[in-house]
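Worksheet: one structure, shown below.
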There are 4 protein chains.
Amino acid sequence: MARGRSKQGGNRKRETRWREVLDAAAAEFAEHGFLGTSTGAIAKRLGLRQGRLYYYIPSKQRALELVCQLSTEEMVGGLMEIVARDGDPLEQLRRAIAFHMEWLGGRRDYCLTFLRERRHVAGPAGRLLADTARRYERLFEQIFRTGVARGRFRADCNPAQAAFGTLAIANAFGLRAQRRGAPLPPGTARWIADLVLDGLACGKARAKR
Amino acid sequence: MARGRSKQGGNRKRETRWREVLDAAAAEFAEHGFLGTSTGAIAKRLGLRQGRLYYYIPSKQRALELVCQLSTEEMVGGLMEIVARDGDPLEQLRRAIAFHMEWLGGRRDYCLTFLRERRHVAGPAGRLLADTARRYERLFEQIFRTGVARGRFRADCNPAQAAFGTLAIANAFGLRAQRRGAPLPPGTARWIADLVLDGLACGKARAKR
Amino acid sequence: MARGRSKQGGNRKRETRWREVLDAAAAEFAEHGFLGTSTGAIAKRLGLRQGRLYYYIPSKQRALELVCQLSTEEMVGGLMEIVARDGDPLEQLRRAIAFHMEWLGGRRDYCLTFLRERRHVAGPAGRLLADTARRYERLFEQIFRTGVARGRFRADCNPAQAAFGTLAIANAFGLRAQRRGAPLPPGTARWIADLVLDGLACGKARAKR
Amino acid sequence: MARGRSKQGGNRKRETRWREVLDAAAAEFAEHGFLGTSTGAIAKRLGLRQGRLYYYIPSKQRALELVCQLSTEEMVGGLMEIVARDGDPLEQLRRAIAFHMEWLGGRRDYCLTFLRERRHVAGPAGRLLADTARRYERLFEQIFRTGVARGRFRADCNPAQAAFGTLAIANAFGLRAQRRGAPLPPGTARWIADLVLDGLACGKARAKR
DNA sequence: TATGAATGAGTATTCATTCAT
DNA sequence: TATGAATGAATACTCATTCAT
């Protein structure tokens, strides 16, 4: 390729810079929202002038799509591994939650952007995103289903609801901690897993009392 | 006086129209976000031309503030009554959650707007809003604190965390149902209360197992 | 006429109200300028609602024209009498200046509006205004011309320039006092007349020294 | 450094363009007033599209402030030099008036804008402007005060009034000539100085006659 | 790789004016 | 005599995007 002097080196550098651009976009999107972010603000964060941004990304819209896709797809990949590995569903759930919390902490900007700004991703990209999100939730669902089937979780546990609820709780606590700027306290994942287990999977069904 | 009467009538009509304007704003804000909403869109929803809107509201910004303030303040009022009435903390929590879910259902647009768009309310109005939100959460906190003190909830229940978690779960389920356009299924509030009780207030603390 | 119950009474009342409207317009124009004045502001000053104004005036533009014309025409009338009356040009000038200062004080809003806002009167009305203003200046000019002809003013006094200068000085001092909110101090007109006489009409022509 | 050089060049070009923008704004403000000037009109004068203007100036308001500040501050600087240089107060006054007239001619748009539109500069910028204007007037005042102290001007000359009057006369004649589009006739400054000297500083006080 | 000039379209807000009541 | 609802046009300002250099 004419562009990179050494193909490898050039591409790697380019790739690196490209990630930096996405990081900057994610940071701005997380802080001010997609519509509240100007391309100038992203550029400024990178020490570039506005126009230059378009060398790296084709549009602000596309940047949002990429930010939303990148981490979600990696998250699905990671979670798949956990679910694929056999083991006690209860342990699996703990690991899954720990995994999820790690991402919330490590990729805060990407997660926040995905959670709050995905509404601005429409069309094919939006459908792709919705699909990825569904796959992620289904993996949690599967853990609950297995747990119920094996008698580890209580019989009236609704896997779909449990999966949704688990993510809601994990995200709420995970992002609350973020909002305060502090890293997640170490026991958080464990504590949330217990909360979920008691409330959604193992506790006595209250309504029956 | 003839004028007094006509003035009354005028004011009532004006007041009504004002609420309609806020409703329309809330609906648009909930659907497209504050920044994604143009004043023209609000006007269109009301069958007005854009400029006319400013006869009722001083600015889009102020409309957002009012939308965010109106329902939250009423919610605090309602919840205060529930908490003030004496009774079993467990029953109080159930009533509180039911009350909260009713608002999520009945004032969907206002609640969504508050939850997602309040970040765009800055300055004094923002501080007021934060204060109202804090008061609301504190009322839930108080229920948990009383429950722990009276031995109805488990000893290691952290009232602040429990209050936060309760709202996170209630909002997540309440608004998920909304997103699908359907009204909340009748048992939802009860079911969520059980979830919260098992997970946050009464279940065995897993970590100790 | 169908409109007034008693023609006389109705018209007089109407006439009065009409003057009040013009006064209010003049006051706003003087304070905020023509473009800086909204019809709502004029209406407010009168205790009316915006729309009602159009019962009295056909347009904001026309209101400006009337404000500018009214006092200038009366001023021309008054000054003509002074100039017509025979007498020492020096005394005439004193009287003319006193007359001018009285108007600046008594019709402050009208004078300010005329002086600063007449640029916004275009078309036939603008030409009429320019003509009236020219007639006014010419009357001063005439005093100087007579004074020179009769040997009361120095020979090299340029009547046109002297007239222009006289008005500039009178307006500047007259309106400065106004700006400070105080009524013109009693001796002002006399003092200004002396200034003008020394500087423009009687003093030794410096350039010759 | 290559960048340094290009930056220099860029800055100089930018600076130049910036002055052109202010010149255009001043021209429009002088012709149509601040409120009568649309940003589009300024842009058109520069051959730009409206939006582009905001690359050079942050707002129309700020442009007005800059137009008003720029020349007034330079004028104060120039006048200070004249007053600082020792010499006959009478000669000083002549120089000061000549200096003032030169500015009226050379920076007509800026001066007109300052004189007529400064009322639209409020807040801190307005206070700064008022201060600069006061300093300018005080410098003239000082000339008169010195002249009286040294017995060159008549004893009952009021320096503050004389300064105000001098500026009123100079502005009136200076801007009248401008309005007619012609440059100031050569002897004007001299002639005005004589007028001022006779009327304000040296003539016999008429009232005593 | 980077800059800055340029643009076109969009958006909130204001306001003179009209009209039915 | 007065009101309030309604409108259409204007206007300041922002911003994503392009392109010559």
Side-chain angles (χ1 to χ4, degrees), chain A residues 3-5 10 13-14 17 35 37-43 46-63, chain B residues 2-3 6-7 9-11 13-14 17 35-43 46-63, chain C residues 3-4 10 13-14 17 35-43 46-63, chain D residues 2-3 6-7 9-11 13-14 17 35-43 46-63:
Chain A
R3 208 168 260 153
R5 229 164 314 173
K13 211 163 143 198
R14 177 99 177 267
R17 197 75 174 127
L35 293 173
T37 295
S38 74
T39 54
I42 301 173
L46 290 160
L48 296 175
R49 302 301 160 123
Q50 209 192 159
R52 188 58 186 147
L53 215 58
Y54 288 80
Y55 181 72
Y56 302 102
I57 51 162
S59 72
K60 185 178 129 177
Q61 181 66 44
R62 187 77 192 119
Chain B
R3 192 187 271 181
S6 87
K7 201 127 182 194
N11 277 354
K13 211 162 142 197
R14 179 102 173 254
R17 199 77 173 124
L35 293 174
T37 295
S38 76
T39 54
I42 300 173
L46 290 159
L48 298 175
R49 304 298 164 125
Q50 205 206 139
R52 185 60 184 145
L53 216 57
Y54 289 80
Y55 183 72
Y56 302 100
I57 51 161
S59 71
K60 187 177 126 175
Q61 179 66 44
R62 186 79 192 117
Chain C
R3 209 169 257 155
K13 212 165 144 194
R14 180 97 175 268
R17 196 74 174 130
L35 293 174
T37 294
S38 73
T39 54
I42 301 173
L46 290 159
L48 297 176
R49 302 302 160 123
Q50 208 192 159
R52 189 59 187 146
L53 215 59
Y54 287 80
Y55 182 72
Y56 302 101
I57 51 162
S59 72
K60 187 177 127 177
Q61 180 65 45
R62 187 79 192 116
Chain D
R3 190 186 272 181
S6 89
K7 201 127 184 192
N11 276 356
K13 212 163 141 197
R14 180 100 173 255
R17 198 77 173 124
L35 293 174
T37 295
S38 76
T39 54
I42 301 173
L46 290 159
L48 296 176
R49 304 297 165 125
Q50 201 209 146
R52 185 60 183 146
L53 215 58
Y54 288 81
Y55 183 72
Y56 302 101
I57 51 160
S59 70
K60 185 177 128 175
Q61 179 66 45
R62 187 77 192 118

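Letters A, B, ... mirror the listed sequences (proteins, then strands); counts begin at 1.
Taking all atoms of both residues into account, the shortest heavy-atom contact from A/I57 to A/A63 is CD1-CB, 4.0 Å.
When the side-chain nitrogen and oxygen atoms of C/Y54 are compared with OP1 and OP2 of E/dT17, one or more of them lie within a distance under 4.0 Å. Between D/R49 and E/dG8 there is a side-chain N or O to OP1 or OP2 distance below 4.0 Å. Remark: A/R52 is in phosphate contact with E/dT1, judged by side-chain N or O atoms under 4.0 Å from OP1 or OP2. Listed pair B/Y55 / E/dT14 fails the phosphate criterion, with no side-chain N or O lying under 4.0 Å from OP1 or OP2. Between B/T39 and E/dT11 there is no side-chain polar atom (N or O) within less than 4.0 angstrom of OP1 or OP2.
Distance check, rounded to the nearest 0.5 Å: OG1 of C/T39 to CZ of C/R52 gives 14.0 Å. A distance of 6.5 Å separates CG of B/L46 from CG of B/L53, quoted to the nearest 0.5 Å. Here the OH-NZ distance, from C/Y54 to C/K60, works out to 8.0 Å after rounding to the nearest 0.5 Å. Interatomic distance, D/L48 CG to D/R17 CZ, rounded to the nearest 0.5 Å: 5.0 Å.
Both D/G40 and A/P58 sit near DNA chain F, but only D/G40 has its closest nucleotide nearer the 5' end. If A/K60 and C/G47 are placed on DNA chain F by their nearest nucleotide, the residue sitting closer to the 5' end is C/G47. When each of C/L35 and A/Q50 is assigned the nucleotide of DNA chain E bearing its nearest heavy atom, the one mapping closer to the 5' terminus is A/Q50. Nearest-nucleotide mapping onto DNA chain E: of D/L53 and C/G51, the residue sitting toward the 5' end is D/L53.
Here E/dT13 presents its C1' atom at 16 Å from CG of B/L48, a figure rounded to the nearest Å. One can place CZ of C/R62 at 20 Å from C1' of E/dT18, the figure rounded to the nearest angstrom. One interatomic measurement links the two molecules: CD1 of B/I57 to C1' of E/dT11, which rounds to 14 Å at whole-angstrom precision. As rounded to whole Å, 8 Å separates atom C1' of F/dA2 from atom OH of C/Y56.
For E/dT7, the paired nucleotide is F/dA16, the pair qualifying as Watson-Crick or G-U wobble because both relevant distances are below 3.5 Å. Remark: F/dT21 base-pairs with E/dA2. Criterion, Watson-Crick or G-U wobble with two distances under 3.5 Å.
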